[in-house]
Amino acid sequence: MPRVRFAPSPTGFLHIGSARTYIFNWLYARHNGGTMILRIDDTDVGRNTDASLTSIFEGLRWLGLGWDEEYKQSDRLALHRSVAQAIFEKDLAYRDFTAAQSGDSEKSGAQGTWLFNAGMRQLSREQSDRRAAAGEPFALRFRVPHDRIGHVQFSDAVYGDQAKAYADIEDFALLRSDGMPTYHLANCADDADLRITHIIRGQEHLSNAFKHKLIFDAVGAESPTFAHLPLLMAPDGMKLSKRVHGPVVSVTTYRDAGFLPQAFINFLCLLGWSPKNDREKLSRQETVDLFTLEGINRANAVVNFTEEDPFDAKALWLNAEHIRSLPPNELARELLPFAPADLETLRKIAPLIQERIKLLRDVRSVADFFFAGQLPPYDSAELIPKKGDAAMAKTVLLKAREVLATADFSHDGLDAALRAASVSLGIKAGQMFEPVRVAVCGRKTAPPLFGTMEVLGRDTCVTRIAQAIEKL
RNA sequence: GGCGCUAUCGUCUAAUGGUUAGGACAGAGCCCUCUCAAGGCUUAAAUACGGGUUCGACUCCCGUUAGCGCUACCA
């Protein structure tokens, strides 16, 4: 039984890259009948915030992909320290009394990789114990066997065989001088303890995986299978980041704009993974059925957003697709938080706007005239039909008012009545409908006229037409 | 700088070494039509570059270039 985990650190809002990582883990678990674990990696006390914790839970709850077990790393410090101690006892780690580097260091300009701080590796145990006992602060570093010829190696489920020479891996820290575990240690200690079988995470960790392999080996734990995911990039070519790209990459931005969770999930899945059969629009169950690690590709994927347009066109299209395939009553329910109307009204409106909105929030602009008691002001020139003039508009509206007073107010009844009216006026049907549409909706582009009028009802329609006549 | 990873239309992607390099979104055009959509049809658009290997390379190998990641007592 596979056991997978999503391990966010609560240092910022949940962004779409993290959401995708969660989704892939969840999909893998569900496809294989495994266990999905949520673990909050909160060992960086200084950067943790409650707001981001809230954001993570809110985002995940919205996705609606539940997890089976939940942990918090800060509850597990004793485990981390005991693992560190065990590694130290085996002499696979040593105390480093060098003060922490401050700021961005010079080493990026150096000739090679920094491997360790001089003098600390070969400190005798006695010396080390003495200085520690004297209260001198130290970091605990992993003793990478630099002198050994050979490589750390593992096979990544996505990127294939990986190898890195011992000589190229620096003595990374396990424990900070304040005694807190580093990411590497806490991460591996927990993964081993929770018996994680597959680590599915962003490719930024591919290089870290060598260190992790070293830790797993040091504690005698079987190394989980690694599956690294290609990164999500911004159109500017940079890795997606909360810091530089802001709320456009926040999950809640998508939620608040009116994405359906499944559409959002669908979009994210297609970034870096393909079902290989040209399928694009997928239901949750289809995605679970189709998902495999083999379908994941290796190249980074760009999320095409801009400042003016925060959403990738494909995401929008997928959302529209999912909206269109919803039963109207369900769409009405989804619309409820976005529209100033009750469910009953929305049920009537939903079929009219279903194929006209890309985001749930579009209901406010597309169906505004259903909600407003009084139409917002519009230019009376709008009432003039194609190849017509103000006089024609007036004639049309007068006739419409007359006909509508008694017409059967159903789609077909209205269709018949208004077409008949256009015939009796000797004008084209379109010239008849246009002024009526503007009078009733307040603008030229709107959902189909008869269905709209049916929902609006006789009183509202007749009143609005009368008001339009006033304007002419 | 070192190490690692990657490279197919603008974007997401497909292609047991043999296809006219396919699909989708976005773009353009046409049709349908009471407007707007939706739908249908058409169109434009790609294998980063250079070498190999092979009868044959998007596919395998090498190099170049470019991008990304890691190189912290962040994760």
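Model, not experiment: these values are computed from the prediction. We use all heavy atoms of the structure for the numbers below, so side chains are in, but hydrogens, waters and symmetry mates are not. We name chains A, B, ... by the order of the sequence lines, and we start the count at 1 in each one.
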Visitor: Donor-acceptor pairs under 3.5 angstrom involving side-chain atoms of residues 312-319 of chain A: please list them, not counting sequence neighbours.
Guide:
from	atom 1	to	atom 2	distance (Å)
A:Asp312	OD1	A:Lys314	N	2.8
A:Asp312	OD2	A:Asn304	N	2.9
A:Lys314	NZ	A:Glu280	OE2	3.0
A:Asn319	OD1	A:Leu260	N	2.8
A:Asn319	ND2	A:Gly258	O	3.1
A:Asn319	ND2	A:Lys358	O	2.6

Visitor: What distance, rounded to whole Å, do you find between the two P atoms, one in B:C36 and one in B:G29?
Guide: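 Each nucleotide's P atom is 14 Å from the other's.
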Visitor: Write down the distance between NE2 (A:His80) and P (B:A75), rounded to a whole number of angstrom.
Guide: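 Distance, rounded to whole Å: 11 Å.
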Visitor: Which of these, A:Leu335, A:Ile357, A:Ile353, sits in a side chain to side chain contact (heavy atoms under 4.5 Å, CB included) with A:Ile323?
Guide: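 Of all the options given, the one that passes is A:Ile357.
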Visitor: Quick one: A:Lys164 NZ to B:G69 C1', roughly how many Å, whole number?
Guide: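 In whole Å, B:G69 C1' lies 10 Å from A:Lys164 NZ.
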Visitor: Tell me: CD of A:Gln153 to C1' of B:C3, nearest whole Å?
Guide: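 The distance from CD of A:Gln153 to C1' of B:C3 comes to 16 Å, rounded to the nearest Å.
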Visitor: Side-chain donor-acceptor pairs under 3.5 Å in residues 414-423 of chain A, sequence neighbours left out?
Guide:
from	atom 1	to	atom 2	distance (Å)
A:Asp415	OD1	A:Arg419	NE	2.5
A:Ser422	OG	A:Arg419	O	2.7

Visitor: The criterion is ring-ring contact (aromatic ring centres under 6.0 Å, His included); which residues satisfy it with A:Phe172, sequence neighbours excluded?
Guide: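 Expected list: A:Phe142, A:His184.
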Visitor: For A:Phe311, which residues count as a ring-ring contact (aromatic ring centres under 6.0 Å, His included) partner, sequence neighbours excluded?
Guide: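 Counting only residues at least two positions away or on another chain, A:Phe311 forms a ring-ring contact (aromatic ring centres under 6.0 Å, His included) with A:Tyr254, A:Phe259.
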Visitor: Tell me the interatomic distance from A:His205, atom NE2, to B:U71, atom P, rounded to whole angstroms.
Guide: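 Checked: the NE2 to P distance equals 10 Å.
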Visitor: Do any N or O atoms of the protein come closer than 3.5 Å to N or O atoms of nucleotides 28-30 of chain B, and which pairs are they?
Guide:
none

Visitor: In residues 415-426 of chain A, what residues come within less than 4.0 Å of RNA chain B, judged by heavy atoms?
Guide: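 Those residues are A:Arg419.
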Visitor: Nearest whole angstrom, please: distance from the P of B:U35 to the NZ of A:Lys428.
Guide: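 In whole Å, B:U35 P and A:Lys428 NZ are 12 Å from each other.
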Visitor: In terms of relative ring orientation, are A:His212 and A:His205 parallel, tilted or perpendicular, with 30° and 60° separating the classes?
Guide: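 Tilted.
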Visitor: Which of the following nucleotides, B:G69, B:A24, B:A75, is nearest to the side chain of A:Thr43?
Guide: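 So the side chain of A:Thr43 is nearest to B:A75.
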Visitor: Would you check if A:Phe371 and A:Ile349 make a side-chain contact, meaning some heavy-atom pair closer than 4.5 Å?
Guide: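 Yes; the side chains approach each other to less than 4.5 Å.
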Visitor: Any salt bridge linking A:Arg5 with A:Asp190? Criterion: basic side-chain nitrogen under 4.0 Å from a carboxylate oxygen.
Guide: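 A salt bridge is absent here (no side-chain N lies under 4.0 Å from a carboxylate O).
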Visitor: Verify the neighbour count for atom CD of A:Glu70: are there more than 12 heavy atoms of other residues, nucleotides or ligands below 6.0 Å?
Guide: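 More than 12 within 6.0 Å, yes.
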Visitor: OP1 or OP2 of B:C73 versus the side-chain N and O atoms of A:Arg47: is any pair under 4.0 Å?
Guide: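 The answer is no; no side-chain N or O of A:Arg47 sits under 4.0 Å from OP1 or OP2.
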Visitor: Looking only at the side chain of A:Ala100 (C-beta and beyond, no hydrogens), which of the listed nucleotides B:C25, B:C34, B:C73 gets closest?
Guide: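 Per side-chain heavy atoms of A:Ala100, the pick is B:C73.
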Visitor: Can you tell me the pairing partner of B:C30 across any strand shown, Watson-Crick or G-U wobble, with both distances under 3.5 angstrom?
Guide: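 Here B:C30 is engaged in a pair, and the nucleotide opposite it is B:G40.
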Visitor: Where do N or O atoms of nucleotides 40-48 of chain B meet protein N or O atoms at under 3.5 Å, pair by pair?
Guide:
none

Visitor: Ignoring the backbone of A:Thr182, work out which of B:G69, B:C73, B:U71 is nearest its side chain.
Guide: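 In terms of side-chain proximity for A:Thr182, the closest of B:G69, B:C73, B:U71 is B:C73.
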Visitor: Less than 3.5 Å apart, which donor and acceptor atoms pair up between the side chains of residues 443-453 of chain A and the rest of the protein, not counting sequence neighbours?
Guide:
from	atom 1	to	atom 2	distance (Å)
A:Arg443	NH1	A:Thr445	O	2.7
A:Arg443	NH2	A:Ser365	O	2.9
A:Arg443	NH2	A:Val366	O	3.4
A:Arg443	NH2	A:Asp368	OD1	2.3
A:Arg443	NH2	A:Asp368	OD2	3.4
A:Thr452	OG1	A:Pro448	O	2.6

Visitor: Sequence neighbours left out, what passes salt bridge (charged side-chain N to carboxylate O under 4.0 Å, His left out) with A:Glu204? Give chain and number order.
Guide: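 By the salt bridge (charged side-chain N to carboxylate O under 4.0 Å, His left out) rule, A:Glu204 matches no residue at all.
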Visitor: Name the pairing partner of B:G17, where a pair is Watson-Crick or G-U wobble with both distances under 3.5 Å, or state none.
Guide: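 Pair assignment: B:G17 / none.
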Visitor: Roughly how far apart, to the nearest Å, are B:A14 and B:C30 at atom C1'?
Guide: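 Approximately 29 Å lies between the C1' atom of B:A14 and that of B:C30.
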Visitor: If you check the A:Phe450 side chain, which of B:A24, B:C34, B:C70 turns out closest?
Guide: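 Shortest atom-to-atom distance from the side chain points to B:C34.
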Visitor: Counting only Watson-Crick or G-U wobble pairs whose two distances fall under 3.5 Å, which nucleotide matches B:G4?
Guide: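 B:C68 - that is the nucleotide pairing with B:G4, both distances being under 3.5 Å.
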Visitor: Can you sort out the partners of A:Arg143 under salt bridge (charged side-chain N to carboxylate O under 4.0 Å, His left out), two or more places apart, ordered by chain and number?
Guide: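 Per chain and number, A:Arg143 pairs via salt bridge (charged side-chain N to carboxylate O under 4.0 Å, His left out) with A:Asp91.
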Visitor: Using the ring of A:Phe116 (Phe, Tyr or Trp, six-membered ring only), decide whether A:Arg141 places NZ or CZ under 6.0 Å from its centre and within 45 degrees of its axis.
Guide: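 Judged by the rule, A:Arg141 and A:Phe116 form no cation-pi pair.
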Visitor: On RNA chain B, compare the nucleotides closest to A:Asn208 and A:Asp168; which residue's is nearer the 5' end?
Guide: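 Result: A:Asp168.
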Visitor: May I have the distance from A:Leu352 (atom CG) to B:A38 (atom P), rounded to whole angstrom?
Guide: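 One finds 16 Å between P of B:A38 and CG of A:Leu352, rounded.
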Visitor: How does each nucleotide of nucleotides 5-23 of chain B score, in 5' to 3' order, for protein heavy atoms under 4.0 Å: base (B), sugar-phosphate only (S), or none (-)?
Guide: SSS---SBSSS------BB
Visitor: If you measure from the P atom in B:C5 to the same atom in B:A46, how many Å do you get, rounded?
Guide: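 It works out to 31 Å between them.
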Visitor: Which whole number of Å gives the distance between the P atom of B:C61 and that of B:U54?
Guide: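 It works out to 16 Å between them.
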Visitor: Check whether the side chain of A:Ser177 and the base of B:C73 form a donor-acceptor pair under 3.5 Å.
Guide: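 When only heavy-atom distances are counted, A:Ser177 does reach the base of B:C73 through a donor-acceptor pair under 3.5 Å.
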Visitor: Whole Å only: how far is the CD atom of A:Gln73 from the P atom of B:C74?
Guide: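 Those two atoms, CD and P, are 14 Å apart.
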Visitor: Among the candidates B:C73, B:G69, B:C34, find the nucleotide nearest to the side-chain atoms of A:Leu449.
Guide: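 When the side chain of A:Leu449 is considered, B:C34 is the closest of B:C73, B:G69, B:C34.
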Visitor: Can you tell me the distance, in whole Å, between the CZ atom of A:Arg356 and the P atom of B:U33?
Guide: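 For the pair A:Arg356 CZ and B:U33 P, the rounded distance is 16 Å.
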Visitor: Taking the side chain of A:Glu355 as its heavy atoms from C-beta onward, which of B:A38, B:C70, B:U35 lies nearest to it?
Guide: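 So the side chain of A:Glu355 is nearest to B:A38.
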Visitor: Classify the side-chain pair A:Asp96/A:Asn117 by whether it contains a donor and acceptor separated by less than 3.5 Å.
Guide: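 A:Asn117 and A:Asp96 do have a side-chain donor-acceptor pair below 3.5 Å.
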Visitor: Output yes when a side-chain donor or acceptor of A:Glu434 lies under 3.5 Å from a complementary backbone atom of A:Ala393, and no otherwise.
Guide: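 Between the backbone of A:Ala393 and the side chain of A:Glu434 there is no qualifying donor-acceptor contact (under 3.5 Å).
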Visitor: Could you measure between the two C1' atoms, the one in B:A38 and the one in B:G50, and give it in whole Å?
Guide: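 49 Å, rounded to whole Å.
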Visitor: Please list all pairs meeting salt bridge (Lys or Arg N to Asp or Glu O under 4.0 Å) that have one or both residues in residues 152-169 of chain A, counting only residues at least two apart or in different chains.
Guide: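 For residues 152-169 of chain A, and leaving out neighbouring residues, there are no salt bridge (Lys or Arg N to Asp or Glu O under 4.0 Å) pairs at all.
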Visitor: In terms of the nearest nucleotide of RNA chain B, which residue is placed more toward the 5' end: A:Ala446 or A:Glu170?
Guide: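 The residue mapped nearer the 5' terminus is A:Ala446.
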